[in-house]
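These notes are about the structure you will find just below.
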Amino acid sequence: MPVERCRDMILSQETRDFIIPDYRKDTEIVFPESETCVQEVGFDFRVVYVDKELAGEITLEKYRYNSIPGCYALIDTDAVNEAGISVVQNYPTLMLQGEGIMIGFVDTGIDYRNPVFRSPDGNTRIAGIWDQTIQTGELPEGFAYGSEYTEEMINEAIRSENPEEIVPSMDTEGHGSFLASVAAGSPDLANRFHGAAPKATIAMVKLKEAKTYLKDFYGISENALCFQETDIIQGLYYLYKLAERKKMPLVICLALGSSFGGHNGTTTLSALLDNYAGMLNHCVVIGAGNEASQRHHYQGVLEPGKGAMEVEIRVEEGNTEFVAELWTTLPNVVTVYVISPSGEKSPTISVRQAIRYNLKFIFDRTALDIEYRLLMDNNDSQLLFFRFREAMQGIWRIGVEPLRIADGIFHIWISMKEFLSKSVYFLEANPDYTVTDPSCTRNAITVSYYNGLDNSVDINSGRGYTRNNLIKPNFAAPGVQVTGAGPNGRFEKRSGSSIAAGITSGASALIMEWYLKQPGNMGITTSEVKNIILLGTNQEVLPKYPNREWGYGTIDIYQSLDRLRSL
């Protein structure tokens with residue numbers, strides 16, 4: 001298909017987007033080749049764009065769960081001292097600054113004009129920006145949309161009186177710029193600021209916003225900022241190819257999250273991140289999210305002979321719609337019924353593979369779609385997907401009935417707070433299992449965040465473990481009231497999971513730099529970076545470790561290298 005037509009399909013609200021592994025080429029989603037735009041994203045995965053009339057209605061009855069792109073929100077900080085970074089930056093025999101390592105971000109863009117992203121000679125430290133929202137510049141090689149701005153173009157722009165005429169890419173949200181600054185910002189002594197890896201090379205993908213039909217599918221508030229999985233995975237592929245061109249090791253920093261997915265590392269995004277994490281001289285760092293205190297997770301245990309368990313959800317006035325997902329692990333099998341605030345009860349749904357139920361609650365003026373998947377692709381799970389439309393305020397009850405019981409454990413997650421128009425929460429919520437997707441990725445580094453002033457884990461920081469009981473988060477990093485780049489060259493303080501991810505990404509770059517300088521070392525993987533960090537984690541604050549809040553403790557990379565030396 002011509003690249004111009006492909007670009008139009010990628011950007012159009014009239015097309016539908018799918019993620020397809022190549023090994024399912026003959027059995028997954030088959031459309032006429034002349035009617036599809038196909039983008040390769042590495043590791044035998046493809047993104048396919050199809051006209052909405054050809055694709056039809058997007059349901060789990062028709063399409064596999066992992067083929068429908070997920071939607072992800074931003075997971076919004078003296079922090080380098082607490083992490084043991086300042087010592088290794090200045091220790092005479094170490095002097096680690098991240099030199100020769102690329103740190104890549106898939107986020108809201110970067111303010112390339114800010115001095116914290118320049119070297120002492122005034123040149124930019126940004127190797128490339130792929131702005132998916134601008135269609136007037138040069139396409140990145142192998143991609144059909146957006147505009148790429150190279151290091152040479154950025155240098156020309158910052159020396160120009162009108163830099164936006166050369167590189168019009170802006171970070172209007174500020175999130176990506178802040179994240180890049182705490183990970184790799186150059187020192188600003190007057191403001192007592194320096195990033196974790198101040199000589200690292202920076203790469204940035206500015207994501208375009210998710211399409212309207214996906215926001216509708218996931219019940220996301222109309223004004224919410226979210227990004228779709230297809231754009232994220234193509235952004236990762238751009239970073240990979242740019243690092244390969246520059247012949248540089250790559251740290252991928254991802255500060256996006258979703259409360260949906262199986263919470264066991266089986267989404268397409270997790271699968272791709274696992275592949276990158278396993279590559280030599282690649283490291284993947286993901287924030288654990290900010291969902292622990294939001295009351296958006298419920299865990300129940302069904303027992304033989306005790307019948308249904310009713311789960312209560314409080315919906316505040318003013319909600320338009322929201323989504324909830326129930327997951328259990330086979331051979332557990334459950335079914336459900338729903339009771340509205342007025343007491344109207346739905347039928348108990350029949351257990352059939354890939355079926356959708358459209359329920360109407362007349363007295364509450366609410367529509368509810370329930371989609372059922374018993375045999376999930378690449379997953380040993382059962383999924384029930386609930387989409388509430390114009391949900392009446394009050395207490396909704398989901399009755400969960402066992403059909404087959406093994407351990408009887410089931411989980412329900414509600415949309416992230418960023419996606420809701422008003423508050424929705426469980427009356428008997430469980431703060432565990434609130435690490436957001438894709439931080440359940442098996443081989444990635446997952447980091448929670450704490451307050452360095454009182455050494456307490458933040459109440460919002462996502463808590464483990466994964467649904468299949470992997471230790472996530474792996475450790476904690478500073479993430480409360482940390483200084484970073486703000487608008488117009490100023491500095492500001494922010495808190496959140498993304499800050500800890502940025503600091504850890506910079507710390508990971510320092511470890512990679514150190515490791516690759518050692519005689520005989522040819523390369524390093526995410527697992528090895530993670531293990532070096534775990535070797536030096538502090539556990540003084542922990543009653544026991546690992547645990548769900550701190551993982552194995554708090555990051556201290558000086559202590560890691562010191563202990564490694566003494567072994």
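Predicted model, so just to flag it, every value in this text is computed and none were measured.
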Identify all side-chain donor-acceptor contacts of residues 330-337 below 3.5 Å with residues at least two apart in sequence or on another chain.
{"residue": "N332", "atom": "OD1", "partner": "A406", "partner atom": "N", "Å": "2.7"}
{"residue": "N332", "atom": "OD1", "partner": "D407", "partner atom": "N", "Å": "3.4"}
{"residue": "N332", "atom": "OD1", "partner": "G408", "partner atom": "N", "Å": "3.0"}
{"residue": "N332", "atom": "ND2", "partner": "T329", "partner atom": "O", "Å": "3.0"}
{"residue": "N332", "atom": "ND2", "partner": "D407", "partner atom": "OD1", "Å": "2.7"}
{"residue": "T335", "atom": "OG1", "partner": "I349", "partner atom": "O", "Å": "2.6"}
{"residue": "Y337", "atom": "OH", "partner": "E310", "partner atom": "OE2", "Å": "2.7"}

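- For the residue pair P438 and Y72, the shortest heavy atom distance occurs at CD-CE2, 4.0 Å.
- Side-chain contact between N281 and I524: present, with at least one pair of heavy atoms (C-beta onward) separated by less than 4.5 Å.
- To the nearest 0.5 angstrom, N290 atom CG is 4.0 Å from Y449 atom OH.
- Side-chain polar atoms of T466 and N264 form no donor-acceptor pair below 3.5 angstrom.
- A heavy-atom distance below 4.5 Å is found between the side chains of I471 and Y465.
- With hydrogens and angles disregarded, a donor-acceptor distance shorter than 3.5 Å links the side chain of T434 to the backbone of P431.
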Side chain to side chain contact (heavy atoms under 4.5 Å, CB included) assessment of I398 paired with Y298:
CA-CA 11 Å; I398 298 176; Y298 181 91; over 6 Å; no
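- The ring of W413 has its center closer than 6.0 angstrom to the ring center of H263.
- Using a 4.5 Å heavy-atom threshold, the side chains of R356 and L60 count as separate.
- Taking every heavy atom of both residues into account, F227 and I232 meet most closely at O-CD1, 4.1 Å.
- Within 6.0 Å of atom CG in L403, more than 12 heavy atoms from other residues, nucleotides or ligands are found, so the atom counts as buried in its surroundings.
- Shown here is Q13, whose CD atom has more than 12 heavy atoms of other residues, nucleotides or ligands within 6.0 Å.
- Between Y240 and M279, some side-chain heavy-atom pair lies under the 4.5 Å cut-off.
- In this structure, I313 CD1 and I395 CD1 are separated by 9.5 Å, a value rounded to the nearest 0.5 Å.
- Of the possible polar contacts, one joining the T328 side chain to the I409 backbone as a donor-acceptor pair under 3.5 Å is found.
- Formation of a donor-acceptor pair under 3.5 Å by the E229 side chain with backbone atoms of P69 is not found in this model.
- Using a 30° and 60° split on the angle between ring planes, Y450 and W550 fall in the tilted class, from 30° to 60°.
- Side chain of K530 to backbone of C283: no donor-acceptor contact under 3.5 angstrom is found.
- Atom OG1 in T526 sits 10.5 Å away from atom CG in N531 (nearest 0.5 Å).
- Once rounded to the nearest 0.5 Å, the distance linking CZ of F45 with CD1 of I19 reads 8.5 Å.
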Fill in: Candidate pair Y63 and F18, rule ring pair (Phe, Tyr, Trp, His ring centres under 6.0 Å), full reasoning
CA-CA 9 Å; Y63 297 109; F18 302 96; 4.6 Å; yes
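- Defined by atom type and a distance below 3.5 Å, a donor-acceptor pair is present between the side-chain atoms of Q382 and Y372.
- Note on ring orientation: taking the six-membered ring where Trp is involved, the planes of Y433 and H297 are tilted (angle from 30° to 60°).
- In terms of heavy-atom proximity, S448 sits nearest to A500 at O-CB, 3.6 Å.
- For the atom pair CG of L273 and OG of S439, the computed distance is 10.5 Å after rounding to the nearest 0.5 Å.
- Counting heavy atoms from C-beta outward, E390 and R365 have side chains that stay 4.5 Å or more apart.
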Evaluate F475 against V447 for side chain to side chain contact (heavy atoms under 4.5 Å, CB included), listing each step before the verdict.
CA-CA 5 Å; F475 52 83; V447 56; 4.0 Å; yes
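- Between R467 and S381, some side-chain heavy-atom pair lies under the 4.5 Å cut-off.
- In plain terms, the two heavy atoms of A277 and T525 that are nearest each other are O-CB, 4.0 Å.
- When all heavy atoms are compared, the tightest approach of A210 to C71 is CB-SG, 4.1 Å.
- Panel note: side chain S560, backbone I532; a donor-acceptor pair is recorded below 3.5 Å.
- A salt bridge does not link D274 with R442: none of the charged nitrogens is closer than 4.0 Å to a carboxylate oxygen.
- Under the 30°/60° scheme for interplanar angles, the aromatic rings of W396 and F388 are found to stand perpendicular.
- Of the N and O atoms on the side chains of N443 and Y276, not one donor lies less than 3.5 Å from an acceptor on the other residue.
- In terms of modelled atom types and a separation under 3.5 Å, the side chain of K215 and the main chain of E222 share a donor-acceptor contact.
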Chi angles and distances behind the side chain to side chain contact (heavy atoms under 4.5 Å, CB included) call for V284, H282 | CA-CA 7 Å; V284 177; H282 286 69; 5.9 Å; no
Requested in this report: List the steps, then state whether salt bridge (Lys or Arg N to Asp or Glu O under 4.0 Å) holds for R389 with D216.
Outcome: CA-CA 10 Å; R389 299 187 186 276; D216 181 64; 3.3 Å; yes
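- Rounding to the nearest 0.5 Å gives a distance of 8.5 Å between CZ of R463 and CG of N547.
- S270 places no side-chain N or O within donor-acceptor distance of the main-chain N or O of T267, the cut-off being under 3.5 Å.
- The side-chain heavy atoms of T537 and Y545, taken from C-beta on, include no pair separated by under 4.5 Å.
- When every heavy atom of A288 is checked against every heavy atom of S497, the shortest pair comes out as N-OG, 3.0 Å.
- Under 3.5 Å, the side chains of Y65 and E325 contain a donor-acceptor pair of N or O atoms.
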**Asked** Please walk me through it: do L269 and L236 pass side chain to side chain contact (heavy atoms under 4.5 Å, CB included)?
**Response** CA-CA 10 Å; L269 180 55; L236 294 173; 3.7 Å; yes
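- In terms of modelled atom types and a separation under 3.5 Å, the side chain of S259 and the main chain of M416 share a donor-acceptor contact.
- In this structure, the side chain of N474 does not engage the main chain of L534 through any donor-acceptor pair within 3.5 Å.
- For the pair R16 and Y213, the cation-pi test (distance below 6.0 Å, angle within 45°) is passed.
- Although no hydrogens or angles enter the test, the distance criterion places a donor-acceptor pair under 3.5 Å between the side chain of S258 and the main chain of F260.
- For the 3.5 Å distance criterion, the side chains of S340 and S342 qualify, holding a donor opposite an acceptor.
- Between the side chains of Q228 and D17, a donor-acceptor pair is found at a separation under 3.5 Å.
- S415 has its side chain out of reach of Y218: every pair of non-hydrogen atoms, C-beta onward, lies at least 4.5 Å apart.
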